[in-house]
Amino acid sequence: MIERTSDHNMNHDLPPIWVISLQRSTDRRAHIIQHLTEHNLSFEIIDAIDGRQLTSEQLARYDAGQAIQCLGRELTCGEIGCALSHLRLHQRMVDENLDEVLILEDDVVLKFGFFEVLRRRVLFPKDWELMLLSNTNGICSAWYHQPLFEHLAIVKFAGKVHSNAAYLLKQSGARKLLAAGYPIRVPSDNLTGGVVRTQVRVYGISPVCVTTLHPFDLSQSTMPETREFRPRNRTRLEDLGRVQLAWRRLGRWVRHQYYRYNPLAIV
């Protein structure tokens, strides 16, 4: 099922906006419809592929062996459904010969600069194919920083960056993601975030201009089963002594700086 807003005077020069949403996630769907409507945007709500109802044909596009090689584990059904949902939209871009599309998930929140970033697409690097408007724990490389609007800038990322909540995609990038995306072997945010080498030219906005409703609350996830695979051997920060806590923070800072200033770490 596809839901469309009816006002064709919205969006002006913005690209088409496609929102991926599970039909059973009624609260999240209600949030995104209200949120985007309040911002006077036209958009399409497109039903995500539900991991609880995968068909044999859909499961045939998943390779458990390659998933274990890439991640050290198999994917959950929810992760498979999410990956298929994003790749289906990438295929639609190609089929409809669309040059640019903005893809959102249904728990996003638009922040400062969102509209200005979209209106300044002409200032994007000429070779951009994927622009991340949101990301999780992305380290911005020191080797690329292009001011865009007030304190917002276009950046490249160093090391891994997980992101699929909000991104602008060009058709050339969609074709590369489709070529690298099958068989399904990693979660979708590993594919768009550069963990898998797709050859897509990835950039991002820093600080992010799109966040999510519950970025650290796994109970709000539509894939709660993935909590099973979160590292369990991390000591709670409140249980650490001052020296241990300081040492851990120093190690994190050193790793961050290593990636930030390493030109070979650019995604």
Side-chain angles (χ1 to χ4, degrees), residues 2-21 27-46 48 85-86 89-90 92-93 96 98-138 140 144-157 161-174 177 188-189 192-194 200-215:
I2 299 177
E3 298 181 15
R4 293 183 173 89
T5 56
S6 59
D7 189 343
H8 297 289
N9 294 320
M10 298 179 184
N11 279 33
H12 305 294
D13 296 327
L14 303 184
I17 299 175
W18 294 346
V19 181
I20 297 175
S21 176
D27 289 345
R28 288 172 56 145
R29 181 167 292 197
H31 151 74
I32 198 64
I33 290 174
Q34 179 181 357
H35 185 55
L36 297 183
T37 301
E38 287 175 348
H39 284 284
N40 199 36
L41 290 169
S42 62
F43 54 92
E44 294 184 20
I45 300 288
I46 302 172
S85 298
H86 282 267
L89 294 193
H90 304 163
R92 178 181 168 185
M93 279 191 70
E96 298 184 9
L98 298 175
D99 185 49
E100 296 176 39
V101 170
L102 172 60
I103 297 176
L104 305 175
E105 294 194 336
D106 60 5
D107 62 340
V108 299
V109 178
L110 309 184
K111 306 297 286 185
F112 170 80
F114 170 80
F115 290 98
E116 294 303 326
V117 167
L118 294 186
R119 292 184 182 120
R120 286 169 166 76
R121 299 195 307 284
V122 68
L123 301 178
F124 286 3
K126 292 183 178 180
D127 67 344
W128 82 274
E129 293 178 314
L130 176 62
M131 183 66 69
L132 304 180
L133 306 183
S134 175
N135 72 83
T136 303
N137 299 325
C140 300
Y144 191 94
H145 185 277
Q146 176 186 324
L148 185 64
F149 172 69
E150 293 194 9
H151 63 279
L152 297 177
I154 299 173
V155 298
K156 277 185 169 290
F157 295 99
V161 52
H162 298 277
S163 179
N164 65 353
Y167 58 94
L168 273 165
L169 185 62
K170 297 197 76 169
Q171 186 181 141
S172 59
L177 290 174
S188 59
D189 60 354
T192 55
V200 176
R201 297 182 180 91
V202 181
Y203 293 85
I205 302 298
S206 179
V208 298
C209 59
V210 179
T211 59
T212 55
L213 282 172
H214 308 283

Heavy-atom closest contact ([X] atom, [Y] atom, distance):
X	Y	result
Leu89	Trp18	O-CZ3, 3.4 Å
Ala48	Ile20	CB-CG2, 3.5 Å
Asp99	Met93	O-CE, 3.9 Å
Met131	Gly204	SD-N, 3.6 Å
Ala165	Thr212	CB-CG2, 4.0 Å
His35	Val108	CD2-O, 3.8 Å

May I ask you to test the [X]-[Y] pair for a side-chain heavy-atom distance under 4.5 Å?
X	Y	result
Leu36	Leu104	yes
Leu14	Arg121	yes
Leu132	Phe157	yes
Leu168	Phe124	yes
Arg201	Leu130	no
Leu133	Leu102	yes

Separation of [Y] [atom2] from [X] [atom1] (nearest 0.5 Å):
X	Y	atom1	atom2	value
Ile205	Arg120	CD1	CZ	11.0 Å
Asn135	Asn164	CG	CG	11.5 Å
Leu110	Cys209	CG	SG	8.0 Å

Q. For Asp27, what residues pass the salt bridge (charged side-chain N to carboxylate O under 4.0 Å, His left out) criterion, not counting sequence neighbours?
A. none
Q. Residues in salt bridge (charged side-chain N to carboxylate O under 4.0 Å, His left out) with Glu96, at least two apart?
A. Arg92
Side chain to side chain donor-acceptor pair (under 3.5 Å) against [X], all qualifying residues, sequence neighbours excluded:
X	value
Ser172	Glu129
His90	Tyr167
Ser21	Arg29, Asp106

Q | Ring centroid separation Phe114 to His39 under 6.0 Å | A | no
Q: For the pair Ser163 (side chain) and Ser134 (backbone), establish whether a donor and an acceptor sit closer than 3.5 Å, ignoring hydrogens and angles.
A: yes
Ignoring hydrogens and angles, write down the donor-acceptor pairs under 3.5 Å from the side chains of residues 145-152, residues two or more places apart or on other chains.
| from | atom 1 | to | atom 2 | distance (Å) |
| --- | --- | --- | --- | --- |
| Gln146 | OE1 | Tyr144 | OH | 2.9 |
| Gln146 | NE2 | Leu123 | O | 2.8 |

Q: Evaluate the criterion side chain to side chain contact (heavy atoms under 4.5 Å, CB included) for residue pair Ile103 and Thr192; output intermediate values, then yes/no.
A: CA-CA 11 Å; Ile103 297 176; Thr192 55; over 6 Å; no
Q: With side chain to side chain contact (heavy atoms under 4.5 Å, CB included) as the test, would you mind laying out the steps for Ile32 and Glu105 before giving the verdict?
A: CA-CA 9 Å; Ile32 198 64; Glu105 294 194 336; over 6 Å; no
